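Being a predicted model, the structure only gives us computed values, none of them experimental. Each residue takes its place number in the sequence, starting with 1.
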Amino acid sequence: TNYRIIVTNNSGWNTNIITTGTNIIISNLAEGTNYWKVQAQDKSGNWGAFSNIWTVIVDTTPPSTVTLYQPPDNVWTNNSSINFVWSSGFDAISGVSNYQIFITNSQALWSTNIVTDMTDIIVNLPEGTNEWRVQVQDKVGNWSLWSSTNVIKVDITPPVGAVTLL
């Protein structure tokens, strides 16, 4: 038995492969949605009807890089509960799946790496200088470049000592 596999990316059924096996690896498929169908040939040379049309999505392009919105870069706060906000990522082929926010504070020897499907998250930070950045993952696992790195400085300790009024 022979099999004919025909593949297209919407520009005509342009890849025609004849094989005797029921498994085949086809490389160099076009980026985006590809369609394929199979037809069997009997020992007498008669071709049967084509199968249903199946799709496979090829996505090797990473999503867009996000922009950091909140908190603004290089600001001080006396609140350790911080709402981080960034722009939505974009992936034209498979779509966006997750965001990864990485926050680190070298003074406190602390860091966290959070994966979320939201474009904002509230995190309790230690005192000191905290750096944060975000990257986007698409639905097939490609990661964007990291965003720029912003700094948020947390100081929740009140001043020490008595104030003398003259």
Side-chain angles (χ1 to χ4, degrees), residues 1-74 82-106 109-125 129-152:
T1 301
N2 288 323
Y3 298 94
R4 176 185 296 156
I5 302 163
I6 300 179
V7 181
T8 184
N9 62 355
N10 261 351
S11 60
W13 293 98
N14 53 12
T15 301
N16 187 357
I17 300 168
I18 306 292
T19 183
T20 57
T22 57
N23 296 311
I24 188 168
I25 296 173
I26 301 173
S27 57
N28 299 323
L29 289 176
E31 179 102 352
T33 302
N34 291 268
Y35 304 91
W36 61 281
K37 59 186 179 181
V38 179
Q39 183 181 37
Q41 183 183 44
D42 64 22
K43 292 182 181 187
S44 298
N46 299 308
W47 287 100
F50 275 104
S51 68
N52 291 330
I53 297 172
W54 295 82
T55 60
V56 60
I57 296 173
V58 176
D59 181 359
T60 60
T61 304
S64 64
T65 303
V66 300
T67 301
L68 306 181
Y69 291 145
Q70 291 289 333
D73 190 27
N74 208 24
I82 306 298
N83 186 24
F84 293 93
V85 182
W86 54 90
S87 66
S88 295
F90 177 75
D91 187 274
I93 297 171
S94 65
V96 169
S97 174
N98 294 308
Y99 300 91
Q100 176 174 245
I101 179 170
F102 180 73
I103 308 167
T104 186
N105 182 318
S106 59
L109 301 176
W110 176 90
S111 67
T112 188
N113 192 45
I114 302 167
V115 176
T116 178
D117 61 356
M118 307 296 288
T119 57
D120 69 319
I121 191 167
I122 296 174
V123 179
N124 288 318
L125 299 181
T129 301
N130 296 275
E131 296 180 344
W132 67 288
R133 61 187 180 165
V134 176
Q135 70 178 156
V136 184
Q137 184 180 39
D138 67 19
K139 291 182 179 175
V140 298
N142 298 313
W143 285 99
S144 71
L145 297 174
W146 284 101
S147 67
S148 60
T149 299
N150 277 7
V151 172
I152 176 75

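Smallest separation of non-hydrogen atoms from Val66 and Ser147: O-CB, 3.5 Å. What you find for Val134 and Trp146 is that their closest heavy atoms are C-CE3, 3.5 Å. Across all their heavy atoms, Ser144 and Pro62 have their closest contact at CA-CB, 4.1 Å. A pairwise comparison of heavy atoms in Asn142 and Pro63 identifies O-CD, 3.5 Å as the closest pair. For the pair Thr149 and Arg133, the tightest heavy-atom approach, listed with the atom from each and the gap, is OG1-CD, 3.8 Å. Residue Asn124 comes nearest to Trp110 through the heavy atom pair O-CZ2, 4.0 Å, listed as atom of the first residue, atom of the second, then distance.
Distance check: Ile57 CD1 to Thr55 OG1 gives 6.0 Å after rounding to the nearest 0.5 Å. Between the CG atom of Asn130 and the CD1 atom of Ile103 there is a distance of 7.5 Å, given to the nearest 0.5 Å. The CZ atom of Phe84 sits 7.0 Å away from the CD1 atom of Ile152 when rounded to the nearest 0.5 Å. Atom CD1 of Ile93 sits about 13.0 Å away from atom NZ of Lys139, to the nearest 0.5 Å. For the atom pair Trp36 CH2 and Ile24 CD1, the distance stands at 10.5 Å (nearest 0.5 Å). One finds the CD1 atom of Ile5 at 5.0 Å from the CD1 atom of Ile26 (value rounded to the nearest 0.5 Å).
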With side chain to side chain contact (heavy atoms under 4.5 Å, CB included) as the criterion, how do Leu68 and Asp73 come out once you've worked through the C-alpha distance, each side chain's angles and the decisive distance to 0.1 Å? CA-CA 9 Å; Leu68 306 181; Asp73 190 27; over 6 Å; no
Trp86 vs Ile121, side chain to side chain contact (heavy atoms under 4.5 Å, CB included): CA-CA, chis, key distance, verdict: CA-CA 9 Å; Trp86 54 90; Ile121 191 167; 3.9 Å; yes
Set out, in order, the CA-CA distance, both residues' side-chain angles and the distance that settles side chain to side chain contact (heavy atoms under 4.5 Å, CB included) for Ser88 and Tyr99, then state yes or no. CA-CA 9 Å; Ser88 295; Tyr99 300 91; 3.9 Å; yes
Between Asn83 and Asp120, is a side chain to side chain contact (heavy atoms under 4.5 Å, CB included) present by the stated rule, with each step listed? CA-CA 7 Å; Asn83 186 24; Asp120 69 319; 3.9 Å; yes
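Using a distance-only test at 3.5 Å, with no hydrogens or angles considered, no donor-acceptor pair links the side chain of Ser94 to the main chain of Asp138. Between the side chain of Glu31 and the main chain of Thr60, a donor-acceptor pair closer than 3.5 Å is present. A side-chain donor-acceptor contact under 3.5 Å links Ser51 to the backbone of Val38. Put simply, the side chain of Asp59 gets close to the backbone of Thr61: a donor and an acceptor are under 3.5 Å apart.
The side chain to side chain contact (heavy atoms under 4.5 Å, CB included) test with Tyr3 singles out one residue from Ile17, Ile18, Thr22, Thr20, and that residue is Thr22.
Considering only heavy atoms from C-beta on, Val136 stays 4.5 Å or farther from Asp91 through its side chain.
Side-chain contact, Asn9 with Asn34: no donor N or O sits under 3.5 Å from an acceptor N or O.
Legend: side-chain hydrogen bond (donor to acceptor under 3.5 Å, both in side chains) pairs involving residues 39-50, not counting sequence neighbours, sorted by first then second residue: Asn2-Gln41, Arg4-Gln39, Asp42-Asn46.
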